[in-house]
Amino acid sequence: MFSKANEEMPRIVIQNLGNLRIDSEHPDRKVIEIIHQNGTDWMHACGKKGRCTTCKMIVVEGMENLSPETDREVFFTEIKTA
């Protein structure tokens, strides 16, 4: 979470939805949860558990705003690059 009052909120920009911009007051939430809370439908067949990759996203910039990769994220990244 951000502790400094002057820190800018993380912003999600979904390029393939007309550059839809979503500002989040909850940087500790999953990106998919923030997107859904803002009324945008994003498919997730496994219930947002990182088991099926249907909600897969490409982060173009802002990796510093993300938590470390989970074991599942690392697993699917390794499959993709193999």
Contacts table for residues 15-23: side-chain donor-acceptor under 3.5 angstrom, sequence neighbours left out:
{"unit_1": "D23", "atom_1": "OD1", "unit_2": "R11", "atom_2": "NE", "d": "2.8"}
{"unit_1": "D23", "atom_1": "OD1", "unit_2": "R11", "atom_2": "NH2", "d": "3.4"}
{"unit_1": "D23", "atom_1": "OD2", "unit_2": "R11", "atom_2": "NH2", "d": "3.3"}

For the backbone of C55 and the side chain of W42, can you confirm whether one donor and one acceptor N or O come within less than 3.5 Å of each other?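 Looks like yes, one N/O pair under 3.5 Å.
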Does T54 use its side chain to pair, donor to acceptor, with the backbone of A45 at less than 3.5 Å? yes
Is there a path of hydrophobic side-chain contacts, each under 4.5 Å between heavy atoms of I, L, V, M, F, W or Y residues, that connects I12 with M43?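 Unlinked, I12 and M43 end up in two clusters.
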Treat each ILVMFWY residue as a node, draw an edge where side-chain heavy atoms are under 4.5 Å apart, and state whether I14 and V31 are in one component. yes
Which heavy atom of T40 sits nearest a heavy atom of H36, and at what distance? O-CD2, 3.1 Å
Do the side chains of M57 and I32 get nearer than 4.5 Å, heavy atoms only?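 Answer yes - side chains close enough.
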